[in-house]
2 protein chains.
Amino acid sequence: MENCLPNRSPGCPVEGTLGVIGGKWKGVVLYHLLDGKKRFNELRRLMPGVTQRMVTRQLREMEADGLIHRQVYAEVPPRVEYSLTTKGETLRPIILALKDWGEIHVPYYVIKPTTDVA
Amino acid sequence: MENCLPNRSPGCPVEGTLGVIGGKWKGVVLYHLLDGKKRFNELRRLMPGVTQRMVTRQLREMEADGLIHRQVYAEVPPRVEYSLTTKGETLRPIILALKDWGEIHVPYYVIKPTTDVA
DNA sequence: GCATATAGTAACATTTTGTATACTAATGCT
DNA sequence: AGCATTAGTATACAAAATGTTACTATATGC
């Protein structure tokens, strides 16, 4: 165990990356943000199987990690826009790789959505 | 919510992929298998922060998903070798993308391991 | 006056993951 | 005889992640 770290550092670069985008829905949020900023409920509608609480949490964690930007407008009803930061943009190759693999290997869309996504 | 699926199908290709490799340590296991087959305890030593139980679980799930092959040799002491299947090999671009990003954006190795990994 | 929309929060339940320990069975080493 | 090794399983419990449901405030539309 010479390559074991005493503290909580990741043991390999893959583990390090997953420490940042390993959350259950982070990849999906990032995917939807790839084509531009989105409002909160807009993201929710894009991820119908995910609860509001989870969308919020994943967004907050990624904001804390500097991956996304949260822009609040002092309006009523409230308006909040989420977008990728420069750092978040660097994840694009990963997200696209996840997308490409899923399109080929995971059977999913039975119902074709009318609105095209990302 | 027109693009909402009634069943538990993933809502987008990224979600589909994460359903397969989204386990906490699956990416790390796959990373270590990228450079060839590994015995069980060999994998454990490569992932010092992960318990035996978790390594076993992630391997079993990925075996069930057809990503890795489990070769048991009827020997004593037992020998079990894990390797990527053809399907598992198709994940290589994703894992490498995760690795590349981690190497650039996540500070990790303080101690340089003597044995090179992957 | 009531429902709708927005972007959440609070409390609680469930699931997943982590920790720790004990156990297996055959062989080699001492 | 006793210990180590291999690749696990079993059990119990703790902690973390995620899911469920209800609720907020304020403005607009009906």
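Source: prediction; values computed, not measured. In what follows, chains carry the letters A, B, and so on, assigned in the order in which the sequence lines appear, proteins first and then strands, with residues in each chain numbered from 1.
Atom pair B/M47:CE and C/dT19:P shows a separation of 13 Å (rounding to whole Å applied). The distance from atom CD1 of A/I68 to atom P of C/dA7 is 14 Å, rounded to the nearest whole Å. Going from atom CZ of B/R44 over to atom C1' of D/dT5 covers 12 Å, rounded to whole Å. Regarding A/K26, its NZ atom lies at a distance of 11 Å from the C1' atom of D/dA17, rounded to whole Å. As a whole-Å value, the separation of A/R79 CZ from D/dT28 C1' is 16 Å. Atom CD in A/E75 sits about 12 Å away from atom P in D/dT28, given to the nearest Å. As a whole-Å value, the separation of A/N41 CG from C/dT9 P is 13 Å. Remark: C1' of D/dA7 and NZ of B/K38 are 17 Å apart, rounded to the nearest angstrom.
Distances were taken from every side-chain heavy atom of B/V80 (C-beta onward) to each of C/dA5, D/dA7, D/dT6; the shortest belongs to D/dA7. Listed nucleotides D/dG8, C/dA5, D/dT6 differ in distance to B/R45; the shortest reach to its side chain belongs to D/dT6. Among the nucleotides C/dT17, D/dA7, D/dG19, the one closest to any side-chain atom of A/K24 is D/dG19. When the nucleotides D/dG19, C/dT6, C/dT17 are ranked by their closest atom to the side chain of A/W25, D/dG19 comes out on top. For A/T51, whose side chain is taken as the heavy atoms from C-beta onward, the closest listed nucleotide among D/dT20, C/dG18, D/dT6 is D/dT20. Counting only heavy atoms from C-beta on, B/P78 has its side chain closest to D/dA7 among C/dT17, D/dA7, C/dT6. Ranking D/dT6, C/dA7, C/dT17 by closeness to the A/F40 side chain, first place goes to C/dA7.
A salt bridge links B/R92 to B/E89: one of the charged nitrogens lies within less than 4.0 Å of a carboxylate oxygen.
Taken together through direct or relayed side-chain contacts under 4.5 Å among Ile, Leu, Val, Met, Phe, Trp and Tyr, B/L33 and B/Y73 form parts of separate hydrophobic clusters.
Using a 4.5 Å heavy-atom cutoff, the side chains of A/D65 and A/I21 are not in contact. You'll find the side chain of B/L18 stays beyond 4.5 Å of the side chain of A/W25, heavy atoms only.
In this structure, B/Q52 reaches the bases: a heavy-atom distance under 4.0 Å links it to at least one base atom across the strands shown. At a threshold of 4.0 angstrom between heavy atoms, the contacts of B/T56 are confined to the sugar-phosphate backbone, with no base atom among them. Using a 4.0 Å heavy-atom distance criterion, A/Q58 is classed as a sugar-phosphate-only contact. Heavy atoms of A/R57 sit under 4.0 angstrom from at least one base atom. Within 4.0 Å (heavy atoms only), A/R53 reaches at least one base atom of the nucleic acid. As judged by a 4.0 angstrom heavy-atom cut-off over every strand, B/Y82 is placed among residues touching the sugar-phosphate backbone only.
Heavy atoms of other residues, nucleotides or ligands lying less than 6.0 angstrom from NZ of A/K87 number more than 12.
Residue B/L84 holds its CG atom at 9.5 Å from NZ of B/K38, rounded to the nearest 0.5 Å.
Look at A/R70 and you won't find any side-chain N or O under 4.0 angstrom from OP1 or OP2 of C/dA7.
If you find the closest nucleotide of DNA chain D to A/G22 and to B/R39, the one lying nearer the 5' end belongs to B/R39.
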